[in-house]
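Note that the structure is predicted; figures quoted are calculated from it, not measured. A, B, ... follow the sequence lines: proteins, then strands. Residue 1 opens every chain.
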Amino acid sequence: MILDARGVSMDFGGLRAVDRVDITINEGEIVALIGPNGAGKTTFFNCVTGMYVPTEGTVTIQPPSGSVQDITGLKPNRIAERGLARTFQNIRLFPNMTVLENVMIGRDCRLRSGVFGAIFRDPRTRAEEEQVIHDSYTILRKIGIDRYVNDLAKNLPYGAQRRLEIARALATEPFLLLLDEPAAGMNPQETRSLDELILRLRSEEGLTVFLIEHDMSLVMRLSERIYVMDYGKLIAHGAPQEIKNDPVVIKAYLGEDVSA
Amino acid sequence: MDTLREIRRSALLAAWFMVLTFPIMVIRVNTITNTIEWRWERLILISVGSFVGSLVWNYFQRRKRAQGGPRPQTADLPADLPADLPAELPATDIGSAPLTPPVEQRTWVDRGLARVGMSRATFRKPAVAVPLIVAALGVAIAYPLVTSLYQTNIMVSALIYVMLALGLNIVIGLGGMLHLGYAAFYAVGAYTYALLNHYFDVGFWVALPIGAAVSMLFGILLAIPVLRLRGDYLAIVTLGFAEIVRIVLTNWSSLTLGPSGIRSINRPTFFGLSLSLSQSINLTYFIALGLVIITIFVVYRLENSRIGRQLVAMGEDDIAARAMGVDTVRAKLTAFALGAVWAGLAGVLFASRTTFINPESFRVWESVLILSMVVLGGMGSIPGVILGALLLILLPEYLRPLSQYRLLVFGALLVIMMVFKPAGLIPKRRRLYRLQPEEIPVPDAGGDS
Ligand SMILES: Nc1ncnc2c1ncn2[C@@H]1O[C@H](COP(=O)(O)OP(=O)(O)OP(=O)(O)O)[C@@H](O)[C@H]1O
Ligand SMILES: [Mg+2]
């Protein structure tokens with residue numbers, strides 16, 4: 001189990017956006033989190049990645065070659081350092097930085113040089129900078145957006161921006177990748193190549209993927225297990241086939257009783 | 001058709017202006033004779049003036065729109081590119097092809113240079129850069145020797161502001177944090193030297209690093225409470241901080257001698273030689289020049305480093321930067337501390353130059369002026385900020401013949417600048433990385449999808 005969230009709740013004033021959610025993820029899995037709009041999926045991601053401190057509950061991780069660590073309430077950058085990387089539902093790139101620089105920021109938490117290195121450019125700092133450029137470019141090639149290397153992020157086509165978010169997340173060297181609606185706004189062709197990319201990341205990089213997605217066909221194709229949320233609560237959990245035919249899930253999505 | 005509409009619009013505007021200004025510009029009540037004077041000739045002046053002004057304004061607006069229309073995609077380059085450039089940069093050619101700035105990053109500077117067959121890269125070639133730098137240095141060194149003491153003095157003050165603007169640029173231009181209290185650190189530096197000199201007779205050279213250090217300490221002290229603030233809130237808190245510093249300096253009379261200030265601060269010394277006033281001013285000029293050169297060097301290096309990248313990312317999207325593992329707390333502290341260091345150095349120099357300081361030298365206006373230099377020149381752009389600082393200090397000096405209209409002209413120039421060049425005089429352009437062919441990894445299985 002590389003991620004174990006237990007009884008995670010998140011309150012905004014009187015609103016309980018996430019209500020005692022238990023989710024576990026095993027190494028090498030692709031797991032999906034689905035649910036109607038406003039179910040609390042993004043909020044749950046935010047609790048796991050440190051953007052919010054959960055009102056209740058704990059989040060623990062166990063990196064593939066490490067010990068169990070409690071990450072509840074840690075700062076987002078500390079959590080990224082420990083190997084959890086995410087993308088955002090509403091793309092959050094650094095719009096006026098180049099594509100390469102965006103990825104270089106992802107590498108940042110693996111770098112050591114400081115202000116004095118910056119001013120005096122000692123050999124170690126120089127080597128580190130060269131390495132960052134090289135590594136970042138390698139990642140761009142892997143994700144297939146290397147032709148944009150020196151363009152500003154804001155000028156990229158939409159699909160490429162989504163990919164750049166993934167590239168930036170990969171640059172942090174995660175073991176668990178959390179994707180918040182990676183296919184949102186993509187055309188069918190782009191979605192298919194995203195499928196391929198996610199599968200490749202798992203097979204080649206040994207990544208575990210946890211994704212939120214509204215595109216059901218993508219979810220059904222990729223994921224081994226699915227969690228379903230509605231009104232902040234987990235309402236179902238299982239293999240894609242089970243979820244597809246689960247009356248509770250159908251009811252949540254259609255908003256009516258189908259058993260009648 | 002367009003021109004006709006513009007003329008009509010300008011005529012309407014002129015009429016509107018005539019109505020608006022009629023009561024104050026045309027009618028005058030002579031209180032001695034109790035009669036009303038009608039100054040019709042003024043009405044004509046206003047109508048002609050506003051009509052022509054509006055036409056000129058419209059013309060420039062139209063030109064700007066024509067230039068700033070929707071930018072073409074990267075693939076089809078605009079017509080004004082030099083012909084020898086490849087139409088598209090194939091990914092694998094990055095190492096060999098001279099990298100052209102992506103289209104959207106081309107500013108008026110690039111367009112202008114392209115017209116005379118050059119680009120920014122031209123200035124990076126040693127064959128061009130070295131003579132240019134040597135020439136600039138030559139001019140800078142010869143300056144006090146060929147001009148009057150008065151001119152040198154003005155230039156010293158301009159150089160101090162260049163330092164200040166470059167320092168503030170670290171916080172605002174790179175980190176995107178709206179810092180309105182920069183003059184406080186300038187004051188801390190100046191008072192550090194003034195007090196050390198007044199009470200302990202400490203000399204300029206010893207005080208210089210101390211002033212920088214004390215100012216840096218204050219920078220960190222301010223940064224800690226404002227770490228969570230952004231935008232307007234940050235601006236208000238920093239503004240308040242600056243006022244607190246000024247008020248403390250004004251009221252703590254037992255230490256700072258209050259509003260009457262500290263007098264006869266020592267000028268910089270030169271290996272114990274006794275200097276005449278003019279020699280001393282020249283020395284100050286060279287110290288200022290040296291410090292400016294160091295500042296440019298350091299800021300340039302910072303900008304193109306890990307910390308510079310962190311700051312820019314943080315300014316662009318704080319939350320995303322944090323989520324990607326950037327330690328934004330540390331980056332913010334560093335930015336504030338570094339910014340304060342330059343203000344401290346400038347402060348020490350300022351105190352030693354004027355030999356008299358009081359809290360009035362460090363009003364909010366001072367922070368605003370430095371901020372204007374950064375914004376006018378081009379946030380984040382080193383040459384831009386330098387140009388902005390020089391312009392804002394030298395222009396008012398040379399506009400002195402216009403005396404009473406000086407600030408008016410100055411303000412109008414600023415407004416016009418910001419309308420037509422909102423990104424500043426020399427806008428910042430992101431750095432492009434040259435990738436050597438051997439750096440490009442051999443595409444492995446599935447390397448390119
Ligand atoms: N920062 C916040 N402050 C207050 N309420 C919030 C905040 N963030 C989310 N919410 C509320 O929490 C609930 C869950 O929102 P969340 O964004 O997690 O939903 P979601 O499942 O991601 O929906 P979608 O599929 O539309 O992205 C919503 O009612 C939302 O309005
Ligand atoms: Mg969401």
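Rounding to the nearest 0.5 Å gives a distance of 4.5 Å between CZ of A:R92 and CD1 of B:I319. Distance check: B:S305 OG to A:R126 CZ gives 14.0 Å after rounding to the nearest 0.5 Å. Taking CE of B:M324 as the start and CG of A:N77 as the end, the distance is 11.5 Å to the nearest 0.5 Å. Put simply, CG on B:D318 and CZ on A:F94 are 9.5 Å apart, with the number rounded to the nearest 0.5 Å. Between atom OG1 of residue A:T49 and atom CZ of residue B:R322 there is a gap of 11.0 Å, rounded to the nearest 0.5 Å.
More than 12 non-hydrogen atoms from other residues, nucleotides or ligands lie less than 6.0 angstrom from CE of A:M10.
Contacts between B:Q310 and chain A at a heavy-atom distance below 4.5 Å involve backbone atoms as well as side-chain atoms. The contact between B:L338 and chain A is made entirely by side chain atoms (from C-beta outward), counting heavy-atom distances below 4.5 Å. Proximity to chain B (any heavy atom under 4.5 Å) is restricted, for A:M51, to the side chain, taken from C-beta onward.
Using a 4.5 Å heavy-atom cut-off against chain B, the contacting residues of residues 101-114 of chain A are A:E101, A:M104, A:I105, A:G106, A:D108, A:C109, A:L111, A:R112, A:S113. Close approach to chain A, defined as a heavy atom under 4.5 Å from one of its heavy atoms, is seen in no residue of residues 212-222 of chain B.
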Start with the C-alpha distance between B:D327 and A:R78, add both sets of side-chain angles, then the distance that settles side-chain contact (heavy atoms from CB on, under 4.5 Å), and finish with yes or no.
CA-CA 8 Å; B:D327 192 340; A:R78 297 275 167 255; 3.2 Å; yes
Give the intermediate values and the outcome of salt bridge (Lys or Arg N to Asp or Glu O under 4.0 Å) for residues B:E316 and A:K154.
CA-CA 11 Å; B:E316 294 265 291; A:K154 67 177 175 194; over 6 Å; no
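Residue with the most contacts toward chain A among B:G308, B:A320, B:A321: B:A320 (heavy-atom pairs, distance under 4.5 Å). Of all the listed residues (A:E128, A:R82, A:E129), the one sharing the greatest number of non-hydrogen pairs under 4.5 Å with chain B is A:E129.
A pairwise comparison of heavy atoms in B:Y300 and A:R121 identifies CE2-NH2, 4.5 Å as the closest pair.
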